[in-house]
2 protein chains.
Amino acid sequence: MRISELAERTGVPVHTLKFYLREGVLPPGRATSRTSADYGDEHVERVRLVRALVEHGGVGLRGVRAIVGALESPPPSRHDLLGAAAAVIPTPAPRGPVDPEITGLLEELGWCTWSGAPALTALGDAVAAARAAGVPLDAATLRRYAAGMTVVAEADVDLALAAQDPAEAMRTVVVGTVLGDPVLVALRRLAQEAVSSRRQAAADAREDA
Amino acid sequence: MRISELAERTGVPVHTLKFYLREGVLPPGRATSRTSADYGDEHVERVRLVRALVEHGGVGLRGVRAIVGALESPPPSRHDLLGAAAAVIPTPAPRGPVDPEITGLLEELGWCTWSGAPALTALGDAVAAARAAGVPLDAATLRRYAAGMTVVAEADVDLALAAQDPAEAMRTVVVGTVLGDPVLVALRRLAQEAVSSRRQAAADAREDA
DNA sequence: TGACACCGGATAGTGCCACTCTCCACCATG
DNA sequence: CATGGTGGAGAGTGGCACTATCCGGTGTCA
């Protein structure tokens, strides 16, 4: 198909598609002449991926470029998969040292991670920011958070293991992680409401009794 | 203290503080003369809150203004607290209708939420985006996600109930929700790694046997 | 064959937003 | 009295995703 049809099918303006081509997040089509190229279903899929990452994942085009680059050359073995995925998932720049309390907590959980891992510094910074803003985020709460995220991570790993080939597993891990975050955030809001109203109902029942 | 000392204590440039004053996210100090004002510890706290929300919460100044406005006039009763908090927490604009599968899932969980709630549409859009990007996000996985987030939400509600006064509870809910998101995201990454390596170890052990 | 829209490619411009700088009159402090 | 910080307002900066303009070439239909 031509670029105009690609635009029509994806709902993305032609200008933006050209921009994506220039930025290297959309591979060029098979050139049929000097001034026209042929795009296939894989381009439609790619455009949808890019849009989802940008709009819902909050990923910049630099991050998208890294992700699609990794998806195009997936690691051969399942073992490196998670490392390769972690290397490609955009993470906030580290802002400060990690509180020893955090590393202690992770050790206690048996989550031995290489000190300096992006997710570790991100955790340290996020906890420090929350506390600086006045949230009483104690170790007990963090442990409960960790328990909840373990449930989530089990589901994540199962989803990745269900993939047929390494390329699909890679896509599931990377894209599922990035686009799964907003899903989890929304579920957290809904769960807060549900838990709160359940507690309220229980309190009312006690009051009536 | 004067604005320069406020800048020094918070590490935020004077120009930025003036900007925050203009944008209404930082209340003016007590004027001691026509060209000088006095700032207190509450200003230091507020600046730290604003920085945390902007830098780590990814909240824009418009959202920060809404949040600090709500924190200054907290609801009197605990009952409205969650509603008031939900109204103030920035949510992505709804992009499309919610898949009936999602609403069915929530009903099944007993999370009866007003159709059209921001968190509900956000969930629908996030799931739709993930699926459009090729992530096989099935209902079973969503159920597991919901289970994990229930654990998180229980911790959230307990944290809010531990607050002394409604104002502190409000701050804990709103700020804890916004700044808790990056904490959870980081924990998810670490949990994925931990779960994956645990599974790997188990598989190796089976192989050796 | 010729008109014409469309194609690719490159350059420049837009809008948003958080921040930063400039300028000014004024006052506190040495 | 001189200096420099202060409050206040406007304009400028930089990053980034996108959008518009322009160009020569080309497929297509009359």
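For the numbers below, each heavy atom of this structure counts, side chains included, while hydrogens, waters and symmetry mates do not. Naming: A, B, ... by sequence-line order, numbering from 1 per chain.
- Regarding B/Leu17, its CG atom lies at a distance of 11 Å from the P atom of C/dT20, rounded to whole Å.
- A close approach under 4.0 Å does not occur between any side-chain nitrogen or oxygen of B/Tyr39 and OP1 or OP2 of D/dT6.
- Minimum interatomic distance between A/Ala191 and B/Met149 (heavy atoms only, all atoms of both residues): CB-O, 3.7 Å.
- Between A/Arg34 and D/dG25 there is no side-chain N or O to OP1 or OP2 distance below 4.0 Å.
- For the OP1/OP2 pair of D/dG25 and a distance below 4.0 Å, the side-chain nitrogens and oxygens of A/Ser36 include no atom meeting the criterion.
- Remark: C1' of C/dG9 and CD of A/Glu23 are 14 Å apart, rounded to the nearest angstrom.
- Within the nucleic acid shown, A/Ala37 comes within 4.0 Å of sugar-phosphate atoms alone, with no base atom in reach, counting heavy atoms only.
- For CD of B/Glu23, the number of neighbouring non-hydrogen atoms (other residues, nucleotides, ligands) closer than 6.0 Å is greater than 12.
- Protein atom CE of A/Met1 is 17 Å distant from nucleotide atom C1' of C/dG8, rounded to whole Å.
- Within 3.5 Å, a donor on the side chain of B/Arg22 pairs with an acceptor on the base of D/dG10, or the reverse.
- In this entry the distance linking CG of A/Leu6 with P of C/dC7 reads 11 Å, nearest Å.
- Judged purely by distance below 3.5 Å, without hydrogens or angles, the side chains of A/Arg51 and A/Tyr20 pair a donor atom with an acceptor atom.
- When the C1' atom of D/dA9 is taken as reference, atom CD1 of B/Ile3 falls 14 Å away, rounded to whole Å.
- An OP1 or OP2 oxygen of D/dA17 is reached within less than 4.0 angstrom by no side-chain nitrogen or oxygen of A/Thr16.
- Side chains of A/Arg95 and B/His56: a donor on one and an acceptor on the other come within 3.5 Å.
- OP1 and OP2 of C/dA5 both lie 4.0 Å or more from every side-chain N or O belonging to A/Arg2.
- Atom-to-atom, CG of A/Leu21 to P of C/dA10 comes out at 11 Å; the value is rounded to the nearest Å.
- The side chain of A/Arg62 places an N or O atom within less than 4.0 Å of a non-bridging phosphate oxygen (OP1 or OP2) of D/dC16.
- Atom CG of A/Asp38 is separated from atom C1' of C/dC7 by 13 Å (rounded to the nearest Å).
- Across C/dT22, C/dC19, D/dT19, the shortest atom-to-atom separation from the side chain of B/His15 is found for C/dT22.
- Here the rule is side-chain hydrogen bond (donor to acceptor under 3.5 Å, both in side chains) with B/Arg189, and of A/Thr91, A/Thr177, A/Asp181 only A/Asp181 fits it.
- Ranked by how close their nearest DNA chain D nucleotide is to the 5' end, B/Phe19 and B/Ser33 are led by B/Ser33.
- Nearest-nucleotide positions on DNA chain C place B/Glu55 closer to the 5' end than the other of B/Thr35 and B/Glu55.
- In the set D/dC18, C/dC19, D/dG25, C/dC19 carries the atom at the smallest distance from any side-chain atom of B/Tyr20.
- Taking atom CG on A/Leu26 and atom C1' on D/dC18, their separation rounds to 15 Å, with Å as the unit.
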